[in-house]
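To start, the structure under review is shown below, and the notes come after it.
The figures here come from the full heavy-atom set of this structure, side chains too, leaving out hydrogens, waters and symmetry mates.
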Amino acid sequence: MPYPVPDTGVRTPVGVDTTRASISRVYDYSLGGKDNYEVDRYVFHTLCEVAPRQAEVSRMNRRWLHRVLRYLATVAGVDQFLDLGAGLPTALNTHTVAQRENPDVRVVYVDNDPVCHIHGRVLLETNRNTRFVLADLTQPESLLGLAEITDHLDFTRPVGLILCGILHHVDDALDPAAITRQYIDALAPGSYLAITHFWDPADGSAAHDLAWELQRRFTETGLGSGWYRTRREILDYFGDLEIMAPGLVELDDWWPGGPAFRPRLLEERLMLGGLAHKPRSARVVRMVAR
């Protein structure tokens, strides 16, 4: 049976309402987690009617994030991370991967859903270098001034900003490109921005058709968000930053861990990822909470 659709996935957090699908709970279910309800499973199975291997996309997204984190925490020497739209804690989170490489890495997770906040605080009680903050990523001017964040991260030094699988849940009216520009302006030179996003090839192909159908199901059958955007639109989120090789590409084309063991699924082609660097000579705009 269909469920009521909220206006969008990030404007109003679902919280403890078990009659509405939650971005974080649907993602949790797709990764094999247990923190989800019937309404979340309904939404995901609706997607699987046209994309039966959609769970592989979630796993692919996590693998990509792990490769980025290992690079940043080792080769790039980044020792502090801000993970926005973090969702429910699951296996091998940002702090787990980064702190394996450097135990002194500091991580702040941010989500606007109070249930994610509760789960995160409980999980991280014994990790002195990690925090979970309840805040809205669509309000960077407020978020970046929160003492819970600024007391833990030093924004005069490079930060790894993670926007992994979240901007496609920010609707056009909120102007996700303008939001990311505010974060970019506030980052210290030498910082990095990592983004993954649902992709519409916009070329009339079978991949384009599937992107449109998946978008329809994401936005109309219970979740209320999940937009597949063009390469040009996704590139805009990086602003003037220098996108590192191999660029904005399908996730398994970004520094893969080895040769592919099977042909790439059509579902897996519909997500792009990129890592960008803020040059040492770039300007910084400091923000304060209002």
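With a 6.0 Å radius and a threshold of 12 heavy atoms from other residues, nucleotides or ligands, D240 has its CG atom at or below the threshold.
Checking side-chain atoms of Y192 against main-chain N and O of P158 turns up no donor-acceptor pair under 3.5 Å. With N93 contributing its side chain and T96 its backbone, the two residues share no donor-acceptor pair below 3.5 Å. At distances below 3.5 Å, at least one donor-acceptor pair connects side-chain atoms of D111 with backbone N or O atoms of G87. A donor-acceptor distance shorter than 3.5 angstrom exists from the side chain of E267 to the backbone of R53, with no hydrogens or angles considered. In this structure, K278 contributes its side chain and A188 its backbone to no donor-acceptor pair below 3.5 Å. Between the N129 side chain and the P103 main chain, a donor and an acceptor come within less than 3.5 Å of each other.
Annotation: side chain of D136 is not in contact with side chain of L143 (no heavy-atom distance under 4.5 Å). Looking at L161 and S191, their side chains never come closer than 4.5 Å, going by heavy atoms from C-beta outward. You'll find the side chain of L241 stays beyond 4.5 Å of the side chain of H277, heavy atoms only. Side-chain contact between V108 and E148 is absent, with no heavy atoms from C-beta onward closer than 4.5 Å. Counting heavy atoms from C-beta on, the side chains of N102 and V105 come closer than 4.5 Å. Using a 4.5 Å heavy-atom cutoff, the side chains of D185 and Q182 are not in contact. The shortest side-chain heavy-atom distance between Q80 and D154 falls under the 4.5 Å cut-off. For the pair V110/D83, no side-chain contact is recorded, criterion being any heavy-atom separation below 4.5 Å from C-beta on.
Under a hydrophobic clustering in which Ile, Leu, Val, Met, Phe, Trp and Tyr are joined whenever their side-chain heavy atoms come within less than 4.5 Å, directly or via other members, L72 and L92 fall into the same cluster. L134 and L82 fall into different hydrophobic clusters, where Ile, Leu, Val, Met, Phe, Trp and Tyr residues are linked whenever their side-chain heavy atoms come under 4.5 Å apart, directly or through other members. Cluster annotation: L265 and L272 are assigned to distinct hydrophobic clusters (Ile/Leu/Val/Met/Phe/Trp/Tyr, side-chain heavy-atom contacts under 4.5 Å, transitive). If you chain together hydrophobic residues whose side chains sit under 4.5 Å apart, W255 and L251 fall into the same group.
Partner H95 forms a ring pair (Phe, Tyr, Trp, His ring centres under 6.0 Å) with one of F81, F132, Y109 and no other, that one being Y109.
At a cut-off of 3.5 Å, with distance as the only test, no side-chain donor of Q99 or D104 sits close to an acceptor on the other residue. Side-chain contact check for T230 and D200: no donor-acceptor pair (N or O, by modelled atom type) lies under 3.5 Å. For the 3.5 Å distance criterion, the side chains of R229 and H197 qualify, holding a donor opposite an acceptor.
Smallest separation of non-hydrogen atoms from I23 and S225: CD1-OG, 4.0 Å. The two residues A73 and A98 have their closest heavy-atom pair at CB-O, 4.0 Å. Of all heavy-atom pairs spanning R280 and P189, the tightest one is O-CB, 3.3 Å. Of all non-hydrogen atoms in P201 and L270, the two that sit nearest each other are CD-CD2, 3.9 Å. Closest of all the heavy-atom pairs between A51 and L214 is CB-CD2, 3.9 Å. Annotation for L144 and A186: closest pair CD1-CB, 3.6 Å, computed over non-hydrogen atoms.
Grouping Ile, Leu, Val, Met, Phe, Trp and Tyr by side-chain contacts under 4.5 Å, direct or through others, puts L31 with Y27.
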List the steps, then state whether ring pair (Phe, Tyr, Trp, His ring centres under 6.0 Å) holds for H66 with Y71.
-> CA-CA 9 Å; H66 296 164; Y71 169 78; over 10 Å; no
Evaluate salt bridge (Lys or Arg N to Asp or Glu O under 4.0 Å) for E56 paired with R264, printing each intermediate quantity in order.
-> CA-CA 10 Å; E56 295 292 339; R264 190 166 301 169; over 6 Å; no
Can D252 and R63 be said to form a salt bridge (Lys or Arg N to Asp or Glu O under 4.0 Å), step by step?
-> CA-CA 9 Å; D252 280 348; R63 291 194 302 269; 3.6 Å; yes
Could you walk me through whether R262 and E268 pass the salt bridge (Lys or Arg N to Asp or Glu O under 4.0 Å) test, one step at a time?
-> CA-CA 12 Å; R262 58 164 170 75; E268 293 172 321; 2.8 Å; yes
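Relative ring orientation between F198 and H168 is described as parallel, the plane-to-plane angle staying below 30° on a 0-90° scale split at 30° and 60°. Ring-plane geometry between Y228 and F218 is classed as tilted, the angle between the planes lying from 30 to 60 degrees on a 0 to 90 degree scale.
Between the NE2 atom of H152 and the CZ atom of R106 there is a distance of 5.0 Å, given to the nearest 0.5 Å. Atom CZ of residue R62 and atom CG of residue L69 lie 9.0 Å apart, to the nearest 0.5 angstrom. The distance from the CG atom of L275 to the CD1 atom of I243 is 9.5 Å, given to the nearest 0.5 Å. Atoms OG1 and CD, from T196 and E250 in turn, are 13.5 Å apart once rounded to the nearest 0.5 Å. Atoms CD1 and CH2, from I195 and W64 in turn, are 8.0 Å apart once rounded to the nearest 0.5 Å. Taking CD of Q215 as the reference point, atom CG of L210 lies at 11.5 Å (rounded to 0.5 Å).
The residues R157 and D79 are annotated as salt-bridged, a charged nitrogen and a carboxylate oxygen being separated by less than 4.0 angstrom. Ionic pairing of D236 and R232 is present here: one or more N-O contacts between side-chain nitrogen and carboxylate oxygen are shorter than 4.0 angstrom. Under the 4.0 Å criterion applied to side-chain N and carboxylate O atoms, R217 and E49 are assigned as salt-bridge partners. The pair E220-R216 counts as a salt bridge, with a side-chain nitrogen and a carboxylate oxygen less than 4.0 angstrom apart.
Checked against side-chain contact (heavy atoms from CB on, under 4.5 Å), D40 has the following partners two or more places apart in sequence or in another chain: A21, S22, R25, V26, N36, Y37. Here T180 pairs with L163, L167, Y237 under the side-chain contact (heavy atoms from CB on, under 4.5 Å) rule; sequence neighbours left out.
A cation-pi arrangement, defined by a distance under 6.0 Å to the six-membered ring centre and an angle within 45 degrees of its axis, is absent between R269 and W199.
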